[in-house]
Amino acid sequence: MQLRFSHPWVVDSRQGAAIQRELAEAVRLERACGPVSHIAGIDCGFRNGGTRVCAAVTRFTWPGLEFVESHRVYRPVEMPYRPGLLSFRELPAVLDALAGLSEPADLILCDGQGIAHPRRLGIAAHLGVLLDRPALGVAKSRLVGEHAPVGERRGAAAPLYAGEERIGTVLRTRDRVRPVYVSPGHRLDCATAAEWALACCTRYRLPEPIRKADHLAAKASDPVMQEQS
DNA sequence: GCGACAG
DNA sequence: ATCTTGTCGC
């Protein structure tokens, strides 16, 4: 898989922040993301006391949202979780999982923030920039930003701001369920990202591609660990 | 110094 | 994220 940038993955807070500020300059927010015929969803699950990670990726058709394929990889965890540095912990495995798809997707949905991040490089923006492909983030909770209350019905939304800067959308994807935090990763703007996220939410709070990846990563049984017992 | 803090 | 069973509600 061809990456637009190369950098170390095991970093301290200072190094990580420097890399994020650098890559954030490559993020491009565009009005639309071109034709979409396949959408991918990614998520990670942790096992064995947080020493092993499973990255799962799914691919769905668009329109129709029909499941096409999924792929999982298992890797050792090299970085502890640190708010703001999540992508360094999960992306190495995610990149390997994506490489396992038989066909690339035109849009990638990530579990986590896009530019709604202290340095504007959450996991969806980090991934989008490395691949130079359209990507967006859907997070179940807030990392940064302020917003007004969101209406109770599906589709209700409130812009997410960091000062004067619009960094995403707080979006209700189902009636009376907690809203999600949607932000552009790369090659999409805030409005377009929210539209795609909502369009992918059919029966549940999370977009189907992410929900399915979530399920696969959570119920994953690591073959390496099985071997040791 | 104190509180916040994706997964 | 993960550790964990049943349980309240639509």
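Per chain, numbering begins at 1; letters A, B, ... match sequence-line order. Values below: every heavy atom of this structure, side chains too, minus hydrogens, waters and symmetry copies.
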Q: Regarding A:Ile42, tell me which of base, sugar-phosphate or nothing describes its non-hydrogen contacts under 4.0 Å with the strands shown.
A: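 Contact class for A:Ile42: none.
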Q: Check the distance between B:dA6's P and A:Leu171's CG and give it to me in whole angstrom.
A: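 Taking atom P of B:dA6 as the reference, CG of A:Leu171 is at 19 Å.
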Q: Please report, rounded to the nearest Å, how far the C1' atom of B:dC5 is from the CG atom of A:Leu86.
A: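 It is 12 Å, rounded to the nearest whole Å.
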Q: Rounded off to whole Å, could you give me the CE-to-P distance for the A:Met79 and C:dA1 pair?
A: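 Atom CE in A:Met79 sits about 19 Å away from atom P in C:dA1.
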Q: To the nearest Å, how far apart are A:Leu206 CG and C:dA1 P?
A: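 It works out to 10 Å between those atoms.
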Q: Looking at A:Phe60, I'd like to know if the NZ or CZ of A:Lys212 sits under 6.0 Å from its six-membered ring centre while staying within 45 degrees of the ring's axis.
A: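 No, a cation-pi geometry is absent between A:Lys212 and A:Phe60.
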Q: Flag yes if more than 12 heavy atoms outside A:His38 fall under 6.0 Å of its NE2 atom; otherwise flag no.
A: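 Buried by this count: over 12 neighbours within 6.0 Å.
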Q: Report the relative orientation of the aromatic rings in A:Phe88 and A:His126; use parallel for angles under 30°, tilted for 30 to 60°, perpendicular for over 60°.
A: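 If you compare the ring of A:Phe88 with that of A:His126, the planes turn out perpendicular.
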Q: Do A:Ile167 and A:Leu136 share a hydrophobic cluster, counting only Ile, Leu, Val, Met, Phe, Trp and Tyr and linking them when any side-chain heavy atoms are less than 4.5 Å apart?
A: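 No, because A:Ile167 and A:Leu136 fall into different hydrophobic clusters, even though each may have its own neighbours under 4.5 Å.
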Q: I'd like a list of close polar pairs between nucleotides 8-10 of chain C and the protein, N/O only, cut-off under 3.5 Å.
A:
none

Q: Taking only Lys NZ, Arg NE, NH1 and NH2, and the carboxylate oxygens of Asp or Glu, determine whether A:Arg187 and A:Asp132 approach each other closer than 4.0 Å.
A: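 Salt bridge: yes.
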Q: Is there a side-chain contact between A:Arg142 and the phosphate of B:dC5, meaning an N or O under 4.0 Å from OP1 or OP2?
A: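 Yes, A:Arg142 has a side-chain N/O under 4.0 Å of OP1/OP2 on B:dC5.
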Q: Can you identify which nucleotide, out of C:dC3, B:dA6, B:dG7, has its nearest atom closest to the A:Arg47 side chain?
A: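 Ranking C:dC3, B:dA6, B:dG7 by closest atom to the A:Arg47 side chain puts C:dC3 first.
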Q: Atom NE2 of A:His126 and atom P of B:dG7: how far apart are they, to the nearest Å?
A: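 Going from A:His126 (NE2) to B:dG7 (P), I get 18 Å.
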Q: Taking atom P of C:dA1 as reference, at what distance in whole Å does atom CG of A:Leu143 sit?
A: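 After rounding, the gap between these two atoms is 15 Å.
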Q: Quick one: is B:dA6 close enough that its OP1 or OP2 comes under 4.0 Å of any side-chain N or O from A:Tyr181?
A: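 A:Tyr181 to B:dA6 OP1/OP2: no side-chain N or O under 4.0 Å.
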Q: Indicate, with a heavy-atom threshold strictly under 4.0 Å, whether A:Phe46 touches base, sugar-phosphate, or nothing.
A: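 Sugar-phosphate, no base atom in range.
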Q: Look at the side chain of A:Lys140 and decide which nucleotide, out of B:dG7, C:dC3, B:dA6, has an atom nearest to it.
A: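 Of B:dG7, C:dC3, B:dA6, B:dG7 is nearest to the side chain of A:Lys140.
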Q: Do we get A:Arg211 above A:Tyr204's six-membered ring, with its NZ or CZ under 6.0 Å from the centre and within 45° of the axis?
A: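 Yes, A:Arg211 lies over the aromatic ring of A:Tyr204.
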Q: Mind calculating the distance between NE2 (A:His147) and P (B:dA6) to the nearest angstrom?
A: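 A:His147 atom NE2 is separated from B:dA6 atom P by 13 Å.
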Q: Among A:Arg154, A:Arg205, A:Arg153, which one satisfies salt bridge (Lys or Arg N to Asp or Glu O under 4.0 Å) with A:Asp175?
A: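 Among A:Arg154, A:Arg205, A:Arg153, the one meeting salt bridge (Lys or Arg N to Asp or Glu O under 4.0 Å) with A:Asp175 is A:Arg153.
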Q: Hey, does A:Gly50 reach any base, or is it just sugar-phosphate, or nothing, if we go heavy atoms under 4.0 Å?
A: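 Nothing, no nucleic acid heavy atom in range.
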Q: Tell me whether the side-chain N/O atoms of A:Ser87 come closer than 4.0 Å to OP1 or OP2 in B:dA6.
A: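 For B:dA6, OP1/OP2 do not have a side-chain N/O of A:Ser87 under 4.0 Å.
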